[in-house]
Amino acid sequence: MQPIASSLTIGELAAGQALTLPIYHFKPSGHVAGPKVYIQANVHGAEVQGNAVIFQLMKQLERCDILGEITLVPLANPLGINQKSGEFTLGRFDPITGANWNREYLNHSIDLPAWYREHAELSDSALIQAYRSTLVEACQQRLRNEWGVTTGHRLAVNLQAMAHEADIVLDLHTGPKSCKHLYCPEYDLTAAQFFSIPYTLVIPNSFGGAMDEAAFCPWWQLSEVAKAQGRDLEIAVSAFTLELASQERICLEDALVDAKGILAYLSHRGVIAERVAPAKMPRFGCYLKDYKKYHAPMAGLVEYVAPVGEPLAAGETLVNLLRLDLYGSEQELTALSLPQDCVPILHFASASVHQGTELYKVMTNLFELPQ
């Protein structure tokens, strides 16, 4: 089955040209029996590997028996993708406002207890559909704001409106210099066993502005409100951020590995008829509170010694910090280490840093996930 191609206009450039997103859509030939899926990539301009994963995933889906609707949005941020400076892509922050492109989503301010009281007599399926319509309409209303919205917020809310139509939301990212890792809500941790990703960050029901949180937090909150009224309501949406190694990099072979991991999850959820087994690999988790940032205690030139994705014992060298301006002193070369065992997950891309630069993010207090 070939996907249906379309596009969505999400803004205009100063000279009047339209900003458009390419969209690909797989739809069952018969009755829609499986969940709806939304997948996007490249919200940050330099994080391009997700596009390769979408490419490989579509090639696989063409040979699958599709049971649920699948919407794929590669190249999701045309402004960020085109933020180039020499050989580098700078598209992590909106150049107009300075906001992180992945922190521009709408934090719904729905009075949930009041909304639930108004809809409490509905069946579970009707309640879920009513709430979904409420979320989508809130996005559309935000875009119609008579005072206007910023360029970045317009992009994000258009993406969010599409995501709210889905039962499964995958947002594909990469780190600066990174190993693969998954952001997974605590209530859905068993899903981590399907993706081809060794490390999982377990995140709470707290909106921090990212797409995964924008997708699942409203449903987690609705479930909690219903529970307070004595009703066991399922959390209807699963949403994950997949960090697919390092930015400014395309690897089609590696992309196929991750596409197959996504297929394994879609198979598990009944989106495709084929049975796709997850990759056999050890997987480890870490709660978000135990995901630590290490900042440079002094400026200098950095040799990143600790490989990402490999355990590092307390006291082992994390980085060597070179200060040529202090040549001949005890501070000309300083080995820096951490006080506890960890797994480095990503590190800063540049070898020259200011004091206070975030050098590494590391997972601590890891635990093994079930296979």
Side-chain angles (χ1 to χ4, degrees), residues 39 41 43-44 47 49-50 52-53 102 168-206 208 210-213 216 238-247 249 251 253-265 268 277-294 304-314 316 318-319 337-349 358-371:
I39 303 175
V43 164
H44 289 138
E47 300 181 10
Q49 178 68 2
V53 172
N102 194 37
I168 298 167
V169 176
L170 304 182
D171 192 13
L172 310 185
H173 285 259
T174 69
K177 299 296 181 182
S178 174
C179 69
K180 295 179 187 179
H181 55 291
L182 174 74
Y183 284 82
C184 180
E186 187 173 359
Y187 71 86
D188 214 359
L189 186 54
T190 56
Q193 66 187 287
F194 296 97
F195 299 101
S196 301
I197 294 178
Y199 296 104
T200 293
L201 275 166
V202 186
I203 56 179
N205 178 17
S206 177
M211 169 58 91
D212 55 354
E213 299 156 343
F216 75 71
S238 298
F240 312 94
T241 295
L242 282 64
E243 299 279 354
L244 305 168
S246 302
Q247 66 188 24
R249 158 192 177 270
C251 176
E253 182 179 359
D254 198 26
L256 181 57
V257 171
D258 289 309
K260 289 180 177 179
I262 292 172
L263 276 179
Y265 179 69
H268 164 70
K280 297 283 188 181
M281 59 187 297
R283 294 174 175 85
F284 298 90
C286 162
Y287 287 97
L288 191 62
K289 64 182 177 63
D290 294 321
Y291 191 42
K292 305 296 186 183
K293 301 176 182 179
Y294 180 72
Y304 296 97
V305 176
V308 295
E310 297 184 15
L312 183 74
E316 290 187 353
L318 183 71
V319 302
S337 61
L338 296 175
Q340 67 182 112
D341 296 347
C342 67
V343 173
I345 297 298
L346 60 82
H347 67 72
F348 195 60
E358 181 185 290
L359 293 181
Y360 272 88
K361 287 184 179 179
V362 304
M363 287 186 179
T364 64
N365 299 323
L366 279 79
F367 51 92
E368 190 164 3
L369 298 177
Q371 298 298 311

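Position 1 is the first residue of the sequence, and the numbers go up from there. Just the heavy atoms: all of them, side chains too, but no hydrogens, waters or symmetry mates, feed the values below.
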Asker: Output, in order, the C-alpha distance, side-chain angles, deciding distance and verdict of ring pair (Phe, Tyr, Trp, His ring centres under 6.0 Å) for Tyr304 and Phe348.
Answerer: CA-CA 9 Å; Tyr304 296 97; Phe348 195 60; 7.4 Å; no

Asker: Can you establish whether the number of heavy atoms outside Lys177 located under 6.0 Å from its atom NZ is more than 12?
Answerer: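 No - once you tally the heavy atoms of other residues, nucleotides and ligands closer than 6.0 Å, there are 12 at most.
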
Asker: Is there a side-chain contact between Met211 and Val43 (heavy atoms, below 4.5 Å)?
Answerer: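 Counting from C-beta outward, Met211 and Val43 never come under 4.5 Å.
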
Asker: Go through the steps to decide whether Asn365 and Lys289 satisfy the test side-chain contact (heavy atoms from CB on, under 4.5 Å), and finish with yes or no.
Answerer: CA-CA 10 Å; Asn365 299 323; Lys289 64 182 177 63; 5.6 Å; no

Asker: Please report whether the ring centroid of Phe240 lies less than 6.0 Å from that of Phe216.
Answerer: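 Not close enough - the centres of the two rings lie 6.0 Å or further apart.
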
Asker: Looking at Gln49 and Cys251, would you say the former's side chain and the latter's main chain have a donor-acceptor pair under 3.5 Å?
Answerer: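 A pair under 3.5 Å: yes.
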
Asker: Ignoring hydrogens and angles, tell me if any N or O in the side chain of Tyr291 forms a donor-acceptor pair with the backbone of Cys286 under 3.5 Å.
Answerer: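 Checking the backbone N and O of Cys286 against the side chain of Tyr291, no donor-acceptor pair under 3.5 Å is found.
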
Asker: Using a 3.5 Å distance criterion without hydrogens, assess whether the side chain of Asp341 forms a donor-acceptor pair with backbone atoms of Ala314.
Answerer: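 Looks like yes, one N/O pair under 3.5 Å.
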
Asker: Mind checking the OH-CG spacing from Tyr199 to Leu366? Nearest 0.5 Å is all I need.
Answerer: 7.0 Å

Asker: Compare all side-chain heavy atoms of Tyr360 with those of Val319 and state whether any distance is below 4.5 angstrom.
Answerer: yes

Asker: Check the angle between the aromatic planes of Phe194 and His268 and answer parallel, tilted or perpendicular using the 30° and 60° thresholds.
Answerer: parallel

Asker: Can you tell me how far OG of Ser178 sits from CD of Glu47, rounded to the nearest 0.5 angstrom?
Answerer: 9.0 Å

